Novice: 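Sharing a structure, written as C-alpha cells. Questions coming.
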Amino acid sequence: MKETELRLLLREMSLEEKIGQLVQLPGYFQHEGAATGPAGDMGLTQEDLRLAGSYLSIIGAEKIRKLQTEFMAQHPHHIPLLFMADIINGYRTVFPIPLAQGCTFDTEAVQEGAAIAAREAAAAGIHVTFSPMADLVRDARWGRVMESTGEDPYLNGQMAAAMVRGYQGDNPKKKGKIAACLKHFAGYGAPEGGRDYNNVELSPRTLLEDHLPAYQEAVDAGCEVVMASFNTLDRVPSAANEWLFREVLRKKMGFSGMVISDWNALQELLAHGIAADQREAAFIALRAGVDMDMTSPIYTRNLKQLVEEGRVPEAWIDESAWRVLTLKNKLGLFERPFKDADEEDEKALLLSDAHRQAARDCAEKSFVLLKNEEQMLPLQGDEAAFIGPYVGSPYLNGAWSIFADDQDTVTVKAALSRHPKTKKAPTAPGCPINDPDQPVMGFQQPVAQDNLEPETALNEAVSIAKSAQKVVLCLGEHRECTGEAASRGDLTLPKCQLRLLEAVAAVNENIIVVLFGGRPMDIRPLKEKAKAILAAWLPGTEGGNAVVRTLLGESNPSGRLSMCFPYCVGQVPIHYNHLNTGRPYHGDCHAGRFGSKYQDIPNEPLYPFGFGLSYTAFSYSPVRLSADRMTKQGSLTASVTITNTGTCPGTETVQLYLRDLAASVARPVRMLKGFRKVALAPGESREVSFTVTEDMLRFYDLSMRYVSEPGDFEIFLGPDSQTQNKARFTLE
Ligand code: NOJ
C-alpha cells in the first residue's frame with residue numbers, strides 16, 4: 001500500500017480501532033500457543049478481540065490462514081493481524097542456542113541460521129520473531145545467558161546484526177523473510193544477583209559503552225521492532241522509560257520502527273510501584289513510547305478513557321498506530337495478508353535435509369574444546385564407552401525451542417548407532433540429568449524425571465567403563481535450567497552426575513567429557529578428572545550427529561568461548577574486559593594482602609573469553625604494525641602470521657584486542673575490536689591483517705563526549721582474551 005493510502009486508512013479508523021492496533025493478544029485466546037508468562041485474566045470483551053492488532057505464539061500455515069481470514073472479514077477496515085512468535089534459535093530445525101552461536105565467531109553461519117529459521121517460520125505463517133536478544137551478559141547465574149551471544153559488546157553486535165540480516169534479508173516483505181524484534185531494551189542482561197526480572201543498576205557510561213553498542217548494530221542493520229525490557233534501569237522500568245525510548249532509542253540511535261512491551265510488562269508497572277492503577281500505567285507506557293502492549297489489558301481497557309478525558313492526546317495513539325500499520329505494510333500484509341503461510345512449503349521446508357545440514361554445521365562450529373590432554377580426542381572409533389544422562393537425551397534444544405518436537409532431535413545415542421565406527425559402542429545413562437530431590441519447572445509443567453533406579457544405573461555404567469579404553473561422559477544441565485526464569489545460585493553440576501563422574505573415574509582414567517547446557521558452569525571437578533572436555537552447549541536438532549562427528553575428528557573444533565567459564569560462582573559477574581583497579585593483581589604478590597583479589601579463589605576464570613582448542617595447533621608470529629604512530633584521520637595495519645603447526649587441517653580464530661593505556665576515565669584492560677577465522681592445512685601459514693582506525697579508540701570521556709584521546713595504546717593479536725602477543729602505538 002502506498003504511504004498516502006495508509007495515511008488515509010489511519011484517518012478513517014475509529015479511536016477504538018486505532019487502540020486495537022496497539023494490542024497483542026496471547027495465542028491462548030484462540031486456544032493456541034504456549035503462554036510464555038503468567039496467564040492472567042485480561043478481562044477483554046469480544047469487541048476487544050475483534051479489533052486486536054496482533055497475536056503472539058500462534059503458528060502453523062493452516063491455522064494462521066484460517067484465523068486471518070475470519071479476523072479480517074469481521075474487522076471494520078479488514079486490517080490483517082500481525083503474527084509474532086519466539087523463533088529464537090530455529091523453528092522446527094533447531095540450531096544451537098544463541099550463546100553457542102556466539103562461540104562460532106562466524107557471522108555467516110549465524111546469518112544462515114537466522115535465514116533458515118525465517119524461511120521455516122514464514123512458511124508457518126509468522127511475520128515477526130522476538131529475536132535477536134542482544135543483551136550483554138556477565139553473570140552465568142542468569143538463566144537467559146543462553147539466549148545471548150555472550151559477554152562482549154563487539155561480538156554481540158556482530159551477531160545481532162547477522163541475525164537481523166538473516167531474518168529480514170534486504171526486505172522483510174520478500175518470500176521467506178520475517179521482521180526481527182531486538183530485545184530487551186535495555187540492560188536486561190545485568191539483573192542484580194543474576195536473578196531474572198531483577199533490577200539493573202548501570203552507570204550511564206557502562207550503559208552507553210558496554211550495553212548499547214550491540215543494540216545499535218541491530219538497529220543499524222535495519223531491525224524493524226524493539227522490545228522494552230522488564231527491568232528497571234536507574235529505578236525506572238523500561239516500559240515507563242521515556243528517556244530510554246524517545247531520547248536514546250529514537251533520537252540517539254536512530255530507530256524508527258515499532259516498540260513492543262514484554263509480556264504483561266505494562267500491568268507489571270503496578271508491581272514496580274510506578275503506576276498506582278491501570279489507567280496510570282497506560283498513560284506512562286504510551287508516553288514512554290511503547291507502541292504495542294504485549295498481552296496485558298492495560299491499553300485496551302484504558303486508552304480510550306484517557307483520550308476522552310483529554311489526558312492522552314489522540315496524536316499519541318495515532319503515532320503508535322501508524323508504526324504498527326507501517327510495519328504491516330512493510331511486510332506487505334495489506335496485499336498478502338497470509339504472507340508466506342503455505343502448507344506445501346511447510347512440508348518441503350521444515351526439517352529439510354539442507355536445513356538439518358546447516359544446523360549440524362553450525363553446531364559443530366559452536367563446540368569449544370576446553371581441554372585435550374594425551375590426545376584423548378579425536379577418537380579412533382570403537383575404543384570408547386559412552387556414559388551419562390545426555391547420551392540418550394533428546395533435550396538438546398534450548399528452553400526457547402517451544403515449537404520444536406524433541407522427537408526430531410538426533411540424540412548422541414542415535415548418532416552413535418548410525419555411524420559405522422561407533423555403532424557397537426556400549427552406552428549407559430548412569431544417572432538422571434536432574435537430581436531427584438531438585439525438581440525443575442518447565443514452561444508449563446515440572447520436568448519429568450528419568451525413571452532410573454540409581455544404584456543399578458550407576459553399577460551398569462561403572463561396569464562398562466571398566467572394560468573400555470576410554471569413556472566419553474555426556475553430562476550437563478537440563479535445558480530447562482536455563483532460559484527465562486531459570487536463574488541459579490549454584491553453578492555446579494547435579495550431585496548425581498558428580499557422583500557418576502567419581503565412580504567412573506575410579507575405574508577408568510581416560511575420561512572425555514562432553515558438556516551440555518545453556519550456561520558456563522563451575523566445572524572444576526571435570527577439569528580435574530577428565531583428560532578432555534568438549535563444551536557442546538545445547539546443540540539443537542542435529543546435536544547428536546555433530547557431537548559424534550566431532551569426537552571422531554570428522555569435524556575439528558573451532559569454537560571459542562563467547563562467555564568465560566568462571567572458576568566458581570563466587571566470581572560472577574565476571575568478564576574479561578574489566579577495569580584494572582588501582583591495585584591490579586597478577587598473581588605475583590602472594591605475600592601481600594592488599595591486592596585486588598580473593599583470599600580463597602583466583603581472579604581468573606577457569607576458561608577465559610575467546611578460548612578454545614583445536615585438534616591441531618597454531619603458532620603466532622609477533623604482532624607487526626605498519627607504523628607506531630597514527631593520526632586521528634589516519635589508520636594503521638596490525639598483522640600477524642599464523643601457522644598450523646599440527647597434523648590436521650583446522651580453523652583458527654584470530655582475535656584483535658585494544659587497550660587504551662591512559663585516558664580521562666578508566667578504560668578496560670582490553671576490548672575485542674575484530675576477529676577473523678582462518679582455515680589452514682597442516683604446515684600452512686597465512687598473514688592476517690586488521691586495519692585500526694580512530695573510531696575503534698573512542699569512548700565516553702569525562703564529559704560524556706564520544707571521542708578518542710591522544711596517547712599510547714596496546715594492540716593484541718592472539719587466540720584468546722589472555723594473549724600477551726602485543727605491540728604498542730601512539731595516537732597523535
Ligand atoms: C517474555 C520474554 O522476556 C521475551 O523475551 C519473549 O519474547 C516474550 N516473553 C514473548 O514470549
Side-chain angles (χ1 to χ4, degrees), residues 23-30 32-40 42 53-59 82-91 97-99 114 117 121 126-137 142-149 160 163-164 167 178-191 194-200 214-215 218 223-233 237-239 258-268 271-272 290 292-296 398-404 442-444 480 482-487 518:
V23 175
Q24 179 171 71
L25 298 174
Y28 56 73
F29 277 14
Q30 298 292 339
E32 290 294 345
T36 66
M42 290 174 67
S54 170
Y55 269 103
L56 171 154
S57 240
I58 297 181
I59 201 155
L82 198 56
F83 290 98
M84 308 200 199
D86 290 282
I87 309 297
I88 306 300
N89 44 304
Y91 169 47
I97 53 168
L99 191 66
I126 288 302
H127 305 141
V128 184
T129 176
F130 296 119
S131 172
M133 171 172 133
D135 301 326
L136 183 74
V137 297
W142 192 49
R144 297 199 81 170
V145 299
M146 59 79 64
E147 209 185 328
S148 155
T149 48
M163 289 183 195
V164 173
Y167 293 131
I178 56 179
C181 170
L182 169 70
K183 64 193 191 185
H184 306 82
F185 200 74
Y188 182 48
R195 205 181 73 221
D196 207 3
Y197 316 123
N198 206 0
N199 301 307
V200 170
Y215 302 123
C223 187
E224 295 288 353
V225 184
V226 169
M227 187 188 294
S229 57
F230 283 125
N231 57 282
T232 59
L233 193 61
S238 295
M258 180 185 107
V259 170
I260 186 167
S261 76
D262 203 341
W263 180 282
N264 199 36
L266 267 48
Q267 174 71 33
E268 290 176 13
H272 276 293
V290 175
M292 186 176 274
D293 177 359
M294 184 196 291
T295 69
S296 103
W400 267 116
S401 303
I402 47 182
F403 306 111
F443 263 38
Q444 320 291 347
E480 297 291 353
T482 48
E484 185 174 348
S487 296

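Read the numbers this way: they start at 1 and go in the same order the structure lists the ligands and their atoms. Fair warning: this is a prediction, and the values are worked out from it, not measured in the lab. Reckoned from all heavy atoms, side chains included, excluding hydrogens, waters and symmetry mates.
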Novice: Which residue in the set Asp262, Asn231, Asp196, Asn198 passes side chain to side chain donor-acceptor pair (under 3.5 Å) when paired with Tyr188?
Specialist: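 Of the listed residues Asp262, Asn231, Asp196, Asn198, the side chain to side chain donor-acceptor pair (under 3.5 Å) partner of Tyr188 is Asp196.
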
Novice: Could you check if a side-chain atom of Met294 sits within less than 4.5 angstrom of a side-chain atom of Met84, using non-hydrogen atoms only?
Specialist: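 A side-chain contact under 4.5 Å is absent here.
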
Novice: Return yes or no for this condition: an N or O of Asp86 is under 3.5 Å from an N or O of ligand 1.
Specialist: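 Yes; the residue has a nitrogen or oxygen that sits under 3.5 Å from a nitrogen or oxygen of the ligand.
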
Novice: Return the minimal non-hydrogen interatomic distance between Leu266 and Ser261, and the atom names on each side.
Specialist: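 That closest heavy-atom pairing would be CD1-CB, 3.5 Å.
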
Novice: Can you name the atoms of ligand 1, numbered from 1 with element, that are less than 4.0 Å from a heavy atom of Asp262?
Specialist: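 Every atom of ligand 1 under 4.0 Å from some heavy atom of Asp262: 1 (C), 2 (C), 3 (O), 4 (C), 6 (C), 8 (C), 9 (N).
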
Novice: We want to know whether Tyr167 and Ser131 form a side-chain donor-acceptor pair, criterion being a heavy-atom distance below 3.5 angstrom.
Specialist: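 Checked: Tyr167/Ser131 side chains pair up, N/O donor to acceptor below 3.5 Å.
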
Novice: Answer yes or no: is there a side-chain heavy-atom contact under 4.5 Å between Phe130 and Val128?
Specialist: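 Contact flag for Phe130/Val128 side chains = no.
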
Novice: Under the rule for side-chain hydrogen bond (donor to acceptor under 3.5 Å, both in side chains), what residues qualify as partners of Thr232, not counting sequence neighbours?
Specialist: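 Testing Thr232 for side-chain hydrogen bond (donor to acceptor under 3.5 Å, both in side chains), a comparison that skips the adjacent residues, returns Asn199.
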
Novice: Can you list the residues that meet the side chain to side chain contact (heavy atoms under 4.5 Å, CB included) rule with Thr482, with sequence neighbours excluded?
Specialist: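 Expected list: Met146, Glu477, Arg519, Leu538.
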
Novice: Can you find an N or O of His184 that's nearer than 3.5 Å to an N or O of ligand 1?
Specialist: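 Between His184 and ligand 1, an N or O pair is found under 3.5 Å apart.
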
Novice: Below the 3.5 angstrom mark, is there an N/O of Glu147, backbone or side chain, next to an N/O of ligand 1?
Specialist: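 Among all N and O atoms of Glu147, none is under 3.5 Å from an N or O of ligand 1.
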
Novice: Find all atoms of ligand 1 within a distance of less than 4.0 Å from any non-hydrogen atom belonging to Phe130, and give their numbers and elements.
Specialist: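 Going through ligand 1 atom by atom, the ones under 4.0 Å from Phe130 are 7 (O).
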
Novice: When you look for heavy atoms under 4.0 Å from ligand 1, do you find them on the side chain of Met84, its backbone, both, or neither?
Specialist: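 Near ligand 1, Met84 shows nothing, with every heavy atom at 4.0 Å or more.
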
Novice: Test of understanding: given a 4.0 Å heavy-atom threshold, classify the contact between Met133 and ligand 1 as side chain, backbone, both, or neither.
Specialist: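 Looking at Met133 and ligand 1, no heavy atom falls under 4.0 Å.
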
Novice: Please report whether ligand 1 has a polar contact with Arg144, defined as an N or O pair separated by less than 3.5 Å (distance criterion only).
Specialist: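 In this structure, Arg144 places an N or O atom under 3.5 Å from an N or O of ligand 1.
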
Novice: Go through ligand 1 atom by atom and flag the ones less than 4.0 Å from a non-hydrogen atom of Lys183.
Specialist: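 So the answer, numbered in order with elements, is 4 (C), 5 (O), 6 (C), 7 (O).
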
